[in-house]
Amino acid sequence: MFEKTYDAGSIEPRIREVWQDAEAFRAGAGAAKDADPFCIVIPPPNVTGSLHMGHALNNTLQDVLVRFERMRGKDVLWQPGTDHAGIATQMVVERQLAANGEPTRREMGREAFLERVWSWKEESGGAIKGQLDRLGASCDWSRERFTMDAGLSEAVLTVFVRLHKQGLIYRDKRLVNWDPKFFTAISDLEVESKEVKGTLTHFRYPLEGVTFDADDPSTYIVVATTRPETMLGDTAVAVHPEDERYQHLIGKNVVLPIVGRKIPIVGDTYSDPEKGSGAVKITPAHDFNDFEVGKRHKLRVINIFDEQAAIALKGNADFAEGLDAGVVHAIVTELEGKDRFEARKRVVEVLEQQGFVEKIEDNVHMVPFGDRSGVPIEPFLTDQWYVNAKRLAGPAMEAVHEGKTQFVPANWSKTYFEWMENIQPWCVSRQLWWGHQIPAWYGPDGKIFVERSEADVARMAQIHYGGDVTFATRAEAMAAWEDPETTGTVLYRDEDVLDTWFSSALWPFSTLGWPERTPELRKYYPTSVLSTGFDIIFFWVARMMMMGMHFLNQVPFDTVYIHALVRDEKGAKMSKSKGNVVDPLELMDEFGADALRFTLAAMAAQGRDVKIAKARVQGYRNFATKLWNATRFADMNECRIDPAFVPSEAKGTLSRWIITEASRTANEVTRGIETFRFNDAAASIYRFTWNLFCDWFLELSKPALMGDNEAEKAELRAVTAYVIDQILIMLHPFMPFITEELWQITADQAGIQRDTLLIHAPWPVNGFEDAGAADEINFVVDLITAVRSLRAESNVPAATEAEVVVVGGSRLQEGWLAYHDAAIRRLARANALKVSDVAPPNAAQSVVGDVVACLPLAGLVDLEAERARLAKELKRLEGEIGKIDGRLSNPKFLEKADADTIQEQREKRAEAEAKREKLEAAIGRLDPVS
RNA sequence: GGGCGGUUAGCUCAGCUGGUUAGAGCGGCUGGUUUACACCCAGUAGGUCGGCGGUUCGAAUCCGUCACCGCCCA
C-alpha cells in the first residue's frame, strides 16, 4: 500500500534484499538469449578504504551503465573486488599493534604478522563493499575477488615468471625513491612534490693546490645546495662547458671541505650558468640528476645514508676510500647516526666555522614526499626489480592510436601518450611484507632463480650446483654461505613483495580467471568500459593496457571513461587535512541513495569537475518525492496498469501527446547514456517527469478523470499507468530504489504480476510519434500560460475567476478550445472561455502564436501599464525581426548560407511578423475610440 | 619551464558538429489550503557569455592574444 510520504531510509534496505534474493546482479542475469556481453571491472578500492565521494561518483556512473545495458538485455557482468593496498594495509595493522601495546611487526616476525593482517582483512577489511551496496551498486558480489586471493596470486606469479624469462623483468641497481619511514622503495607515481620553505646554502669549495682564502674568490669555487648534508657524498663539481668563468677550471680538482676528498670539476650542460654561481655540487648517490651526471663522467657513487636516511659512514668502504683514516674517524664521531636534518645543521655549522659558507638564503623549492608516509623521499641507491615498461608501452600505445581503446573524453589520450612516451623503468619491488612475495631465490654464487615454485627452483638449482639444495631464510642462508661446514647448497627467497599496482594491472583478466582459459574470460574479455578518474590513468589504465596487450594480445577494454574529479562547493579538492570532505554516506542518510546518485549523474558533465552542493542533493530528493506523489495521485484516481493497453492505439490527443513525449525522452536518455553524457540523460528524464508529466499531463487530465465520460476516463487511466511505467524504466538506472519499489506497488495495486523485477525490465525501443497531438497540446499549454501571466500582471486575485476571450483562432483551434474547455478553465482559473472575432474593450491581451488571449477586466486594467507591457514586447519582437531582416537582406548570406538555414530564417520572420501585427492591433485597441 | 582545462544569471552548472528570444537547479521577489505533492503550485526579476583582436554573411560556440583561476608533469 501507499504510504503518505516516500521514506528512502525504510525502502532502500528492503529493495536491496529483493535484488539479493533474486540474485539480480549475477553475471548474465536477465540477459536475452545469445545476448552481447557487457562487462565492467570495478576499479578495485583499497581493502582498507571506505566510500568517499570519488567512489560514489564513479560507481554511480558504472551502475547507470550496467543497469542500462542489463535492461537492454545484454549479458552483463560487473566484476567487483578490492586490492590489498600494500603499504596502507601494513600501516593500519602496525598502528593497531602499537595502539594495543603488542609486539611490533619485526618482533613478531613475518609469518605471525601476515596472519594478523589476514585476520584484520577478514574482520575489518572491505567495509567498502557494504557501502557500495548501500549506494545500490549492482555488482556481481558472488564473483568478488581480492588481489591476494589464490587465483589472482597465481596470475601474478605467472606474469612475473614469464616476464622474467622474456627479459622484461630484471634486477638492477639504480636510484629509487626511498621512503625512510617505511623503509621501502616506492614508485615515482607515489611521490608528491610539494613546495617547501627551505634554504639555499652557498659553499666555497677550495681549489686544489692553492691556499684557501675566503676573501679571494680565485682560490675557491662557489656551489649552492638545498641539501648541505649530502656534500659528504659529493664526487664532483659541475660547470657548464661553455661558461667562460669556469672553463679554465674544468679538469682541475677541488678539495671537499671536512672530508678532504679531491674531486674533479667537470663540464656538463646540466649545470645552468644562470642559476646561482653557475657551478653545482654533484652527489650521484643522492640525487637523480646527479646520478645521470655521474654516469656521464664516470664519477664515483658514495652513499652516505642508511635506510632510515641517517648518516652511515662507519665501516663505509666507499666513503673511506682515498681518505685519511683519522679524518674519517673524526667525521664518524661527529655525525654517525644523525638523521639527515640534524646532519644538515651540523655540517653547515662546521663549514661555517671554517669559512666555507659564503651565504645562506631563504629559498622555496620542491621537495618530494611519500604520499603515504608524508616524509621527504630520499633518492637511494638499492637493488630492486624492474619491469621494462618501455617495451610493454609500445603495443599499448599502438592500440590506442589504432582506436582499439578509446578515451572518453578523447582528450585524455594525450595524457596517456605523454606519460607512455616518457615512461621509465617500473620499480616493482617493495620492502614490505604484505603483498605478493617475489618468486626469486638467491644462491651463494649470486645466481638468481626465478620460478613458479620452490620445487622448480630446487630442480634448476640442482642442475646448476649439483648436490643437495635446501632453502632457508635470508639470514640463515647468509650464515650457511660463510660456514665452511655447510654441505650442499642453501638458497633463500627474495624477501620483498610486489607493488600493489603490479597485481592491479592484471585485474581485467585475472578476475576473469586467467591464466586459466575460463568461459568468462572468453566471453567478457576485452571488457567494455573502464571508468575511472584521470589521476589513475598512469597508475592503472596504462599498466592494464600494457599487461593486457602483452599477455592476451588484446586491449583490456574498448572504452576508458574518465570521470570528473569531485570537489567541494568552492571547487577545492577534498582532503581530510582541509576538513572539507563531504561524506557520501551522510548524504545518503539524509536524502537517500537515489538522490545522491541522481545528483552525481546530473553533475557528471564531461571534462568538468563535480562540485557537490547539498542543496542540489536535496533538490533531487524532492524529485524522488515528486515522483512518489504523482504515482500516489495516479493510484488515487484508479490509474491501474492495463496489460491489454496498446499505446499506439490511444485515441485522445492528450494521451497521444504524452506518449510521444515519453518516447522522445526514451530516445534522449538512451543516447545520453550511450555517449556517456549522463547529465543530459538525467536532465531529460527529470524534465519529462516533472515539467511535462506532472505539471501538464496530470493537470490537464484532472477534469476528464473527474468527469463522466467513461471511455475517455478509462483511456487516460491506462495511459497514466503506462507512462508511469515508462518513467520507472527510464529512471531506474539513476534511481534504482524508488523505481523498483514503485514498480512493485503499482503492480500490486493493479493486481497483476510483473514479468520481471524492474532491474530486468526491458528498455523501451522504437518510439511512438504523433506530431499533430503535440501541436494541439502545446497550443493549450501556451494559452494557459499566457492567461496565468496576464492574471498575475494585472493583479487579478488568485481567488477571482475571470473570463477569457480568444480572438482570431482558426476553426481547428476553436475545436481544440472546445475540447479542452474544462481543463483550460480550471488551469487558467477562468469562469468562461469564449471565442470571438473582435477583442473586448478594456482587456489585458497577450499574443499566443497566431491568436490573442484577452482578459476583459472592465475598470481593472491599468491602461498605461498594459500599453507599456505590450510596447516592450513589441520592441523585442521588432528587434528580432530587424535582426532577421539584416540577414535576409544580406546578399552574402543568401549566397553562402545553406538553403535550410535561409528557409528557417524566412519562417521565423513570418511568424514574428504575424505576431507583431497582432500586438500592434492589441495596442491599438487600448486607445480610447476616438 | 612544458602540457591540459576553466572563466556563461547572486550561487552551482548545461549549451555536442557556428544560425537559440542564451537554458536548468538553487537562491530572490510576488501571489497561492485548486482531487497528489509546501520536499508543493502559479507568476516574475536577473546575463555587454572574462578583455581585446581575427576568421565568417553570421561567433557564447572556431582561431590568436592578454588577464585571472585550477590541475598535471619537470
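Chain naming here is simple, since letters A, B, ... match the order of the sequence lines and numbering starts at 1 in each. Please read these numbers as outputs of a predicted model, since none were measured by experiment.
- When ring centroids are compared, A:Phe417 and A:Phe407 stay outside the 6.0 Å threshold.
- Taking atom C1' in both B:rU17 and B:rC13, one finds a spacing of 22 Å when rounded to whole Å.
- As rounded to whole Å, 12 Å separates atom C1' of B:rG58 from atom NZ of A:Lys892.
- B:rA74 atom P lies 13 Å from atom CD1 of A:Ile423, rounded to whole Å.
- Counting non-hydrogen atoms under 4.0 angstrom, A:Arg687 reaches nothing in the nucleic acid.
- Under a cutoff of 6.0 Å and an axis angle of 45°, A:Lys702 and A:Phe633 form a cation-pi pair.
- Spacing of P atoms, B:rG47 relative to B:rC11, comes out at 13 Å, to the nearest Å.
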Can you name the atoms? Protein N/O to nucleotides 37-41 of chain B N/O, anything below 3.5 Å, with the distance.
unit_1 : atom_1 : unit_2   : atom_2 : d
B:rC37 : O4'    : A:Asn629 : OD1    : 3.4
B:rC37 : O2'    : A:Asn629 : ND2    : 3.3
B:rC37 : O2     : A:Lys626 : NZ     : 2.8
B:rC37 : N3     : A:Lys626 : NZ     : 2.9
B:rC39 : O4'    : A:Asn622 : OD1    : 3.0
B:rC39 : O2     : A:Arg621 : NE     : 2.8
B:rC39 : O2     : A:Asn622 : OD1    : 3.3
B:rC39 : O2     : A:Thr625 : OG1    : 2.5
B:rC40 : OP1    : A:Asn622 : ND2    : 3.2
B:rC40 : O3'    : A:Lys626 : NZ     : 3.2
B:rC41 : OP1    : A:Lys626 : NZ     : 2.9
B:rC41 : OP1    : A:Trp690 : NE1    : 2.5

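- Protein atom CD of A:Glu904 is 14 Å distant from nucleotide atom C1' of B:rU21, rounded to whole Å.
- By the side chain to side chain contact (heavy atoms under 4.5 Å, CB included) test, A:Phe291 is found to be paired with A:Leu175, A:Lys295, A:Leu381, residues two or more places apart in sequence or in another chain being considered.
- The separation of B:rC73 from B:rU12, taken at their C1' atoms, amounts to 30 Å, rounded to a whole angstrom.
- Comparing the C1' positions of B:rA9 and B:rG28 gives an interatomic distance of 12 Å, to the nearest angstrom.
- With both ends at atom P, the span from B:rA74 to B:rU48 equals 43 Å, rounded to whole Å.
- In this structure, A:Glu421 places its CD atom 21 Å from P of B:rC72, rounding to the nearest Å.
- Base pairing in RNA chain B yields stems of at least 3 consecutive Watson-Crick or G-U pairs, both distances under 3.5 Å, namely B:1-7 with B:67-73, B:10-13 with B:23-26, B:28-32 with B:40-44, B:50-54 with B:62-66.
- Residues A:Asp7 and A:Ser10 have side chains that bring a donor and an acceptor to within less than 3.5 angstrom of each other.
- When only modelled atom types and interatomic distance are considered, A:Arg632 and A:Asn629 share a side-chain donor-acceptor pair under 3.5 Å.
- On the P atoms, B:rG50 is 23 Å away from B:rU56, given to the nearest whole Å.
- Separating the P atom of B:rG53 from that of B:rG43 is a span of 41 Å, rounded to the nearest Å.
- A:Asn795 places its CG atom 14 Å from the C1' atom of B:rC29, with the value rounded to the nearest Å.
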